[in-house]
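What you see below is based on every heavy atom in this structure, not just the backbone, and it leaves out hydrogens, waters and symmetry mates.
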Amino acid sequence: VLAAALIGFGTLLWVAANWDDFGRMGRFAVLQGLVAVALVGAWARPALRPALGLVALLGIGGLFAYFGQTYQTGADPWQLFALWAVLALPLAVAVRHDLLWAPWALVAMTAVSLWAQTHTGHSWRVLPQDLPVHAAAWAAAALLAAITSPWAGRFTGAGLRAWRTAATLFVVVLTTTAVGGLFAREIAPHYALGLAVLAGCALWFGSRRGFDVFVFSMLALGLNGLLLAGLARWLFESDGDDVIGKLLLMGLASAALLAVSVQWILRRARHGTA
């Protein structure tokens with residue numbers, strides 16, 4: 001696995017380091033040859049299929065990056081990542097291994113984040129009028145997580161690592177956007193909506209039927225962070241100069257939330273083991 005990652009990444013750096021020694025067609029030939037050789041090798045050697053599939057995945061990304069840099073198509077960065085994810089999807093389905101699904105989830109989630117950034121004025125702003133854009137990005141991130149979920153794994157071949165990678169990225173995207181809405185000049189509705197979505201997901205993944213210890217832990221972490229961030233804004237915007245008292249209250253609240261989350265996780269884990 002490490003060799004595959006180094007071969008793919010090293011080839012891209014080799015092309016960049018010898019930029020002046022290759023013509024335009026020479027650079028395309030090297031990158032396309034890397035993808036072609038990796039695909040043929042994955043087809044011919046099933047034992048090396050996951051590793052060679054990773055080389056092809058990296059090569060596809062490098063090829064599109066070079067194409068965008070060479071021809072200056074005017075495409076937004078999210079379009080290149082989206083095209084990369086779409087064209088690598090059949091490869092991930094064919095190889096049916098986490099070694100491809102986990103980086104594919106990262107590429108696809110990057111496309112979603114860049115799409116939201118593009119449609120909010122090419123900035124990472126979180127304003128009330130941007131709620132439809134961010135809500136669509138959250139829905140897309142949830143769909144990507146669902147594609148790699150255990151329920152879809154029998155069709156896609158995605159495993160536990162890909163599922164946890166996508167779920168973690170979903171929580172990160174949702175939590176950071178909700179925190180941005182909280183600390184805007186006027187609290188944006190993203191914060192309340194993010195709290196509601198995380199709470200709903202936590203209730204499901206913390207139940208007996210849908211329990212997943214890793215995903216629930218990530219959701220609990222994001223939920224605790226949002227609740228503490230909301231408490232911090234309320235405390236430090238309220239009247240009074242007792243900073244020590246406010247910090248003490250923040251510490252007590254964080255300890256209480258952590259204790260509740262850990263007890264919930266341990267109780268469900270014990271039930272699952274039993």
| request: Report the C-alpha separation of N224 and S254 in whole Å, then their side-chain angles, then the decisive distance to 0.1 Å, and conclude whether the side-chain hydrogen bond (donor to acceptor under 3.5 Å, both in side chains) test is met. | output: CA-CA 8 Å; N224 289 350; S254 62; over 6 Å; no
| Are any side-chain N or O atoms of R96 and backbone N or O atoms of R154, one a donor and one an acceptor, separated by less than 3.5 Å? | yes
| request: Step through it carefully: locate the ring centre of F205, locate the ring centre of F211, and say whether they are under 6.0 Å apart. | output: no
| message | Atom CZ of residue position F9 - does it have more than 12 heavy atoms of other residues, nucleotides or ligands inside 6.0 Å? | response | no
| said: Surrounding CH2 of W124 (heavy atoms of other residues, nucleotides or ligands, distance under 6.0 Å), is the total greater than 12? | reply: yes
| field | Distance (rounded to the nearest 0.5 Å) between L231 CG and L257 CG | value | 8.5 Å
| query | Is the CH2 atom of W234 crowded by more than 12 outside heavy atoms at less than 6.0 Å? | reply | no
| task | Determine yes or no for a side-chain-to-main-chain donor-acceptor pair under 3.5 angstrom, with R125 supplying the side chain and T120 the backbone. | result | yes
| field | Min side-chain heavy-atom separation L127-R185 under 4.5 Å | value | no
| message | With ring pair (Phe, Tyr, Trp, His ring centres under 6.0 Å) as the criterion, how do W115 and H119 come out once you've worked through the C-alpha distance, each side chain's angles and the decisive distance to 0.1 Å? | response | CA-CA 6 Å; W115 177 86; H119 290 81; 4.6 Å; yes
| query | Between atom CG of L63 and atom CG of L83, what is the distance when rounded to the nearest 0.5 Å? | reply | 10.0 Å
| Nearest-0.5 Å distance, CZ of residue R45 to CG of residue L52 | 8.5 Å
| query | Are any non-hydrogen side-chain atoms of W138 and T177 less than 4.5 angstrom apart? | reply | yes
| request: Indicate yes or no for a side-chain donor-acceptor contact from Y66 to the backbone of V15 under 3.5 Å, with no hydrogens or angles considered. | output: no
| request: Side-chain contact test, heavy atoms from C-beta onward, threshold under 4.5 Å: evaluate it for L89 versus W101 and give yes or no. | output: yes
| query | Within the distance-only criterion (no hydrogens, no angle test), does the side chain of R49 pair as donor or acceptor with the backbone N or O of V95 below 3.5 angstrom? | reply | no
| T110 and its side chain to side chain contact (heavy atoms under 4.5 Å, CB included) partner, picked from L114, V107, V112 | L114
| Near-ring test F216/W264, centroid separation under 6.0 angstrom | yes
| Close side-chain approach of V93 and F155, heavy atoms under 4.5 Å | no
| Around Q129, counting heavy atoms of other residues, nucleotides and ligands shown, do more than 12 lie under 6.0 Å from its CD? | yes
| request: Determine yes or no for a side-chain-to-main-chain donor-acceptor pair under 3.5 angstrom, with D98 supplying the side chain and L160 the backbone. | output: yes
| field | Other residues, nucleotides, ligands: >12 heavy atoms within 6.0 Å of R161 CZ | value | no
| query | Looking at CE of M250 and CG of L235, how far apart are the two atoms once the value is rounded to the nearest 0.5 Å? | reply | 7.0 Å
| query | Once you round to the nearest 0.5 Å, how far does CH2 of W84 lie from CD1 of I60? | reply | 9.0 Å
| Given side chains that start at C-beta, do those of T175 and L198 come closer than 4.5 Å, heavy atoms only? | yes
| Does R270 use its side chain to pair, donor to acceptor, with the backbone of I265 at less than 3.5 Å? | no
| If we only count heavy atoms from C-beta on, is the L91 to W104 side-chain gap below 4.5 Å? | no
| query | Counting N and O atoms only, with roles assigned by atom type, does the side chain of D76 sit under 3.5 Å from a partner on the main chain of W78, one being a donor and the other an acceptor? | reply | no
| said: Looking at F67, I'd like to know if its CZ atom is crowded, meaning that more than 12 non-hydrogen atoms belonging to other residues, nucleotides or ligands lie closer than 6.0 Å. | reply: no
| Close side-chain approach of V172 to T176, heavy-atom, < 4.5 Å | yes
| request: Apply the side chain to side chain contact (heavy atoms under 4.5 Å, CB included) test between L174 and each candidate in L219, V197, L169; give the one that qualifies. | output: V197
| task | Could you grab the distance from atom OG of S261 to atom CG of L223, nearest 0.5 Å is fine? | result | 7.5 Å
